[in-house]
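First comes the structure, then the notes that go with it.
Note on naming: letters A, B, ... go to the chains in the order of the sequence lines (proteins, then strands), and numbering restarts at 1 for each one. Only a predicted model underlies this, so the values are computations on that prediction, with no experimental measurement involved.
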Number of protein chains: 2
Amino acid sequence: MANAEQVTKADGKALQGTQSLADRLFLSLRKDIVEGRMAAGSKISEPELARRFDASRGSLREALMRLDSLGLIERKVNVGARVVELSGRGLLELYDVREALEGMACRLAAENRSEADLAELRQMLERHEQQEELQAGTAYYQPEGDFDFHFRIVQASNNELLIDTLCNKLYYRVRMYRYQLGMASPRAHRAFREHSHIIEAIEAGDGELAEILMRRHIRASRSNIAKKLSSS
Amino acid sequence: MANAEQVTKADGKALQGTQSLADRLFLSLRKDIVEGRMAAGSKISEPELARRFDASRGSLREALMRLDSLGLIERKVNVGARVVELSGRGLLELYDVREALEGMACRLAAENRSEADLAELRQMLERHEQQEELQAGTAYYQPEGDFDFHFRIVQASNNELLIDTLCNKLYYRVRMYRYQLGMASPRAHRAFREHSHIIEAIEAGDGELAEILMRRHIRASRSNIAKKLSSS
DNA sequence: ACACTAAAAAGTGTCGACAATCTTGGTTGC
DNA sequence: GCAACCAAGATTGTCGACACTTTTTAGTGT
């Protein structure tokens with residue numbers, strides 16, 4: 001089934017079966033950090049982690065390097081690594097970047113739309129609609145459904161660099177914030193309508209409109225969060 | 001002097017004096033790849049490179065990992081690493097991403113403009129103007145001047161994630177293309193006027209206009225390249 | 001009790017060696 | 001002659017040990 005764990009083209013190694021130990025460590029640690037099993041801001045001890053995963057420090061360090069360039073941990077020379085600290089400012093920054101990139105992705109998806117992509121998008125929307133009616137506004141489908149939507153739009157952009165930047169880099173940070181600040185936005189129903197309009201624009205091949213709608217969609221989420229942040 | 005080699009906030013390690021051997025290898029290799037001393041598409045032999053730099057394979061591999069996540073090399077498990085291959089498509093993709101991100105950076109720079117940033121921007125423009133008059137349309141100042149301009153705008157956006165993504169990641173790819181495809185665009189004079197207008201919009205605090213102008217500026221470069229590519 | 005110093009413990013950075021895998025060239029069989 | 005197969009060489013992945021740095025702790029003196 002289509003969910004947020006799906007694999008990107010660019011993430012090929014995972015498909016290929018043969019993955020190194022360092023690869024597996026990386027994937028495992030990334031999951032632990034994103035889902036909050038490693039507390040944000042906590043220190044990471046290489047020897048301890050290596051023992052826990054029954055691997056050598058060398059392989060573990062390789063995984064840590066990658067987490068570092070993903071921005072999920074921070075390393076200081078001769079001092080060590082810590083899980084990155086979450087902040088309201090960081091979250092808002094993330095939304096500004098997403099607005100720019102996903103807006104562009106949406107425009108490109110509309111301009112290069114292929115029948116296959118369109119079919120998938122329509123199908124996805126239908127699934128979400130059923131799920132929405134089922135749960136009548138309880139806003140429960142959100143996390144996966146919303147993720148699914150944004151993920152697929154980006155895939156349809158047909159721009160490898162854009163896909164890689166969003167799906168293999170930024171989205172892990174997005175999910176980390178979601179898990180830990182538990183943003184189950186109350187915008188479920190409205191969000192669904194917005195998704196629907198965006199896909200219509202893509203179907204119509206109207207890149208400019210598609211971009212505008214996507215940007216507005218993301219910015220609405222952003223203000224929603226900004227409001228919550230300032231009131232706490 | 002302000003040039004493209006300047007150090008980003010996020011690239012702090014380089015400032016701090018203490019940098020590990022792997023850090024130095026990384027910086028050195030990145031330079032070699034960007035400036036074309038390692039041919040695009042060529043295979044990288046770990047033992048050979050390690051000998052050449054008089055370092056152990058472990059440290060070298062750490063540097064390679066980082067180059068990989070920068071997208072400057074590609075690694076396959078149990079096979080090895082190659083310098084990334086340049087392609088027309090890749091270059092155009094890069095411009096689409098830049099259009100999105102730098103457009104946003106420009107908007108943010110206009111909205112958050114500080115006196116310090118404005119002063120620097122004006123000062124830079126003045127330097128470029130002098131240089132332009134000096135060389136009266138020979139379009140020679142371009143590479144550094146253009147880079148300087150885009151770099152500083154992004155810095156002024158005050159969005160750490162955006163700054164990191166552009167200055168520490170994408171720009172190295174941009175420079176790699178510049179060096180190797182030798183894009184000394186003939187748009188020097190027009191580009192200068194465009195830069196000038198963009199900074200005016202930022203000074204005026206008009207984020208929307210600043211974004212539009214920057215996007216148009218980058219898209220003009222992009223079509224220029226697309227034309228050259230299709231005619232070859 | 002507090003500040004400063006020095007030793008020791010822990011942690012990170014670097015290295016060389018071994019094991020597993022891929023590539024290459026030659027060989028065999030059809 | 002060509003394809004499949006096999007062995008040798010080379011390359012990558014993984015590991016444990018050592019060197020250097022940072023942090024902690026114990027001690028000393030005021």
Side-chain angles (χ1 to χ4, degrees), chain A residues 11-30 32-33 38-85, chain B residues 11-30 32-33 38-85:
Chain A
D11 215 4
K13 282 175 189 167
L15 284 168
Q16 191 187 331
T18 44
Q19 51 186 6
S20 72
L21 172 56
D23 283 334
R24 288 195 298 274
L25 288 176
F26 168 67
L27 294 175
S28 183
L29 284 172
R30 186 177 65 183
D32 285 350
I33 292 176
M38 292 189 131
S42 63
K43 185 159 182 349
I44 292 175
S45 161
E46 291 182 4
E48 185 200 322
L49 263 193
R51 273 196 307 275
R52 174 131 57 95
F53 283 96
D54 201 47
S56 82
R57 264 186 61 224
S59 302
L60 181 88
R61 277 171 66 86
E62 203 171 308
L64 291 183
M65 294 291 332
R66 292 205 232 165
L67 291 172
D68 186 30
S69 45
L70 255 188
L72 291 183
I73 69 175
E74 284 171 344
R75 302 184 53 182
K76 279 190 213 148
V77 191
N78 277 321
V79 171
R82 333 185 62 92
V83 179
V84 76
E85 199 87 58
Chain B
D11 215 4
K13 282 175 191 169
L15 284 168
Q16 192 187 329
T18 43
Q19 51 186 6
S20 71
L21 170 57
D23 283 335
R24 287 194 300 274
L25 288 176
F26 168 68
L27 293 175
S28 183
L29 285 173
R30 187 177 64 182
D32 285 350
I33 292 176
M38 293 189 130
S42 63
K43 185 159 180 359
I44 291 175
S45 159
E46 290 182 4
E48 185 201 322
L49 263 192
R51 273 197 306 277
R52 173 131 58 95
F53 283 95
D54 201 47
S56 81
R57 265 185 60 220
S59 301
L60 181 87
R61 277 169 67 85
E62 202 170 310
L64 291 183
M65 293 292 333
R66 291 206 232 166
L67 291 173
D68 186 31
S69 46
L70 256 187
L72 292 182
I73 69 175
E74 284 172 343
R75 302 183 56 183
K76 279 189 213 144
V77 190
N78 278 321
V79 170
R82 332 185 62 92
V83 179
V84 75
E85 199 88 55

Check your understanding: Less than 4.5 Å apart, any side-chain heavy atom of A:Val77 and any of B:Gln19?
Key -> no

Check your understanding: Is there a side-chain contact between B:Arg66 and B:Asp23 (heavy atoms, below 4.5 Å)?
Key -> yes

**Study point:** Gap between atoms CD and P, on B:Glu62 and D:dT12 respectively (whole Å)
**Key:** 17 Å

**Study point:** Interatomic distance where CG belongs to B:Leu49 and P belongs to D:dT11 [whole Å]
**Key:** 12 Å

Review point. Could a donor-acceptor pair under 3.5 angstrom be found where the side chain of A:Arg57 meets the base of C:dG11?
Key: no

**Study point:** Point-to-point distance, once rounded to the nearest 0.5 Å, from CD1 of A:Ile33 to CD1 of A:Ile73
**Key:** 6.0 Å

Check your understanding: Looking at B:Ser45, does any N or O in its side chain come under 4.0 Å of the phosphate oxygens OP1/OP2 on D:dA10?
Key -> no

Practice item. Quickly work out the A:Glu48 CD to C:dG11 P distance and round it to whole Å. Key: 8 Å

Review point. Out of curiosity, A:Ser59 OG to A:Asp54 CG, how far, rounded to the nearest 0.5 Å?
Key: 11.0 Å

**Study point:** Nucleotide nearest B:Glu46 (side chain, heavy atoms from C-beta), chosen from D:dG13, C:dT12, C:dC15
**Key:** D:dG13

Practice item. Between D:dC15, C:dT23, C:dT14, spot the one nearest the side chain of B:Val79, thanks. Key: C:dT23

Exercise for review: Give a yes/no on whether any side-chain N or O of B:Lys43 is located under 4.0 angstrom from OP1 or OP2 of C:dC22.
Suggested key: no

Review point. How long is the span from the CD atom in A:Glu46 to the CZ atom in A:Arg75, to the nearest 0.5 Å?
Key: 6.0 Å

Review point. Rounded to whole angstroms, how far apart are CG on A:Leu60 and P on C:dG13?
Key: 12 Å

Review point. Contact class for B:Ile44 vs. all strands (heavy atom < 4.0 Å): base, sugar-phosphate, or nothing?
Key: sugar-phosphate

Check your understanding: When the C1' atoms of the five terminal pairs at each end define the local axes, what inter-axis angle does the helix from C:dA1-D:dT30 to C:dC30-D:dG1 show, to 10 degrees?
Key -> 10°

Point to revise | 5'-most by nearest nucleotide on DNA chain D - A:Asn78 or A:Gly58 | key: A:Gly58

Review point. Does the side chain of A:Leu29 reach to within under 4.5 Å of the side chain of A:Met38, using non-hydrogen atoms?
Key: yes

Revision key, fill the gap. Checking D:dT12, C:dC15, D:dT14 against the side chain of A:Ala22 (C-beta onward), the nearest is D:dT14

Exercise for review: Can you see which heavy atom on A:Glu74 is nearest to which on A:Asp68, and at what distance?
Suggested key: CA-OD1, 4.0 Å

Study note, to complete from the structure: Separation of D:dT14 atom C1' from A:Leu25 atom CG, nearest Å, is 11 Å

Exercise for review: Ignoring backbone atoms, establish whether A:Arg75 has a side-chain N or O less than 4.0 Å from OP1 or OP2 of C:dG13.
Suggested key: yes

Study note, to complete from the structure: note: A:Lys76, atom NZ; D:dT22, atom P; distance rounded to Å ~ 12 Å

Review point. Can a side chain N or O of A:Ser20 be found less than 4.0 Å away from OP1 or OP2 on D:dT12?
Key: no

Check your understanding: Starting at CD of B:Gln19 and ending at C1' of C:dT14, how long is that distance when rounded to a whole Å?
Key -> 16 Å

Review point. What is the distance from CZ of B:Arg51 to C1' of C:dG16, rounded to the nearest Å?
Key: 14 Å

Practice item. Please report the closest heavy-atom contact between B:Ser28 and B:Phe53, naming both atoms and the distance. Key: OG-CE2, 3.5 Å

